[in-house]
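These notes concern the structure reproduced below.
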Amino acid sequence: MSKKKGGIKNLLKGNFLTYAMVIAFYAVFQILVMQGSLPSLYKGLLVPLCIYSIMAVSLNLTVGIMGELSLGHAGFMCIGAFVGATFSQITRDSITADLPRFILAIIAGSVAAALLGFLIGIPVLRLKGDYLAIVTLAFGEIIKNVINVIYLGVDEKGIHFSMKDEMSLGLSETGKVIIKGAQGISGTPKNSTFTIGIILLLITLVIVLNLINSRSGRAIMAIRDNRIAAESVGIDITKFKMMAFTISAALGGMAGVLYAHNLSSLQAQPKNFGYNMSIMILVYVVLGGIGNMRGSIIAAVILTALPELLRSFSDYRMLVYAVVLIIMMLFNWAPACLEFRERVFSRKKKEV
């Protein structure tokens, strides 16, 4: 009983430290912004830091907790971004208040990404290992390319959809084209703020950490550790894997809505929703520690901010970035470093 109480206490302490780290980060930078001592370059990084932290935590649910390698997470971010931006454009006249409209856009983007994640998960989660990674990568690329051929407009008759060109929409003179194929969406209200980003990050952490510590989370981790043993004790493998994958997709869509409302124009390009973005998010997860949500946030913040912080060292910027990547990888995965960290932390626990 005492061991169980000690485990719960350590668990709550770890969750509290994660929330406290995010809140402290927000408090420090909010004070700097209010005092006017934060340069505009760094001020513009605050919302992207929240976006990529949410993406890293949500992907860690799939990779770290469920134990499946997904390379199409940017696709869920893409669908969330375009659904959220489209919702904001369509309802701009009917919902004049910015905050309620933005909240509804976040819900719409998350639900759309969750639905897509559920539909993709039905065939994909039957696969394992490299096969699953390849198929999720393909789905991510398909989503991006499909959006690039979509034309969507609205007039007094309702919403018009086409996959040919703007003329085929058949809009009236008062109609407005919202999605213009490869040109994407322009004129999305810039509602994303650092405060909203931190709130969404905290919501993401609450959802993921509570899921991990719940009965469902333990079932998901049991499937990850030994699928046959989990099935033998009556765990519904399909149900719990679909649950984790769908929640991960919904949180990725939420980050996409935040991303779309931080830009004046949005296009489904390889640099923001392509293969490289999915790999970069996976790098955050791996470097931060697979299954470690706090580490994912730290890695996302460091690796997102570092290229901008080193912009003055234009000739050596990527060299320093590569060195930092190597150091983080060694610190998190090298056996000698792991042994040293375990020795130091165990000594501190004994002293306490």
Side-chain angles (χ1 to χ4, degrees), residues 17-60 74 77 81 84-85 98-99 102 106 188-205 251-252 254-267 269 271-273 276-277 279-285 287-288 293-329 331:
L17 286 174
T18 305
Y19 298 136
M21 178 188 73
V22 174
I23 293 169
F25 174 81
Y26 171 73
V28 169
F29 281 93
Q30 192 66 17
I31 290 169
L32 291 174
V33 170
M34 291 173 66
Q35 291 178 345
S37 23
L38 195 67
S40 58
L41 173 64
Y42 302 148
K43 203 182 296 182
L45 280 174
L46 295 177
V47 174
L49 291 178
C50 297
I51 293 167
Y52 296 123
S53 295
I54 293 170
M55 291 296 291
V57 172
S58 61
L59 182 61
N60 212 342
M77 182 182 176
D98 287 342
L99 186 58
F102 186 39
I106 291 171
T188 305
K190 297 185 72 174
N191 298 134
S192 296
T193 63
F194 183 42
T195 301
I196 293 174
I198 289 293
I199 291 171
L200 293 180
L201 176 56
L202 288 171
I203 290 171
T204 301
L205 286 170
L251 296 174
M254 184 173 70
V257 179
L258 191 64
Y259 180 87
H261 287 76
N262 192 46
L263 303 170
S264 56
S265 62
L266 178 71
Q267 294 89 30
Q269 296 178 348
K271 65 178 182 180
N272 51 4
F273 298 122
N276 289 334
M277 177 56 70
I279 292 297
M280 183 54 68
I281 298 164
L282 182 62
V283 168
Y284 299 154
V285 172
L287 289 182
M293 302 305 160
R294 198 183 316 148
S296 295
I297 294 172
I298 294 170
V301 168
I302 291 174
L303 297 181
T304 302
L306 197 60
E308 298 300 328
L309 297 176
L310 296 173
R311 192 167 289 278
S312 56
F313 303 96
S314 56
D315 295 334
Y316 305 101
R317 182 162 62 104
M318 296 313 296
L319 175 62
V320 176
Y321 185 77
V323 170
V324 171
L325 278 175
I326 293 168
I327 292 172
M328 289 182 68
M329 180 64 80
F331 182 75

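Quick caveat: nothing in here was measured; it's all calculated off a predicted structure.
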Side chains of K190 and H261: does their closest heavy-atom pair fall under 4.5 Å?
no
Quick check: do S264 and T188 have side-chain heavy atoms less than 4.5 Å from each other?
no
Drop me the distance from S296's OG to I281's CD1, to the nearest 0.5 angstrom.
11.5 Å
Is a side-chain donor or acceptor of S58 paired with a backbone partner of M55 at a separation under 3.5 angstrom?
yes
Which value, rounded to the nearest 0.5 Å, describes the distance between Q30 atom CD and T193 atom OG1?
8.5 Å
Under the criterion side chain to side chain contact (heavy atoms under 4.5 Å, CB included), I'd like the reasoning laid out for F25 against V22: C-alpha separation, chi angles, the key distance, then a yes or no.
CA-CA 5 Å; F25 174 81; V22 174; 5.7 Å; no
Quick one: are L200 and C50 in side-chain contact, heavy atoms under 4.5 Å?
no
Minimum heavy-atom separation for V257 and G84, please, with both atom names.
CG2-CA, 4.1 Å
N/O donor-acceptor pair under 3.5 Å between N262 side chain and V47 backbone
no
Is any side-chain heavy atom of Y259 closer than 4.5 Å to one of N272?
yes
For L266 and A260, work out which heavy atoms get closest and say how close.
CD2-CB, 3.8 Å
Quick one: side-chain hydrogen bond (donor to acceptor under 3.5 Å, both in side chains) partners of N276, sequence neighbours excluded?
none
Could you pull out the closest heavy-atom pair between V33 and L38, with the gap in Å?
CG2-CD2, 3.7 Å
Are side-chain heavy atoms of Y26 and M21 found at a separation under 4.5 Å?
no
Pair L258-I196, side chain to side chain contact (heavy atoms under 4.5 Å, CB included): steps then yes or no
CA-CA 9 Å; L258 191 64; I196 293 174; 4.2 Å; yes
Looking at side-chain heavy atoms only, is the closest gap between S53 and Y284 below 4.5 Å?
no
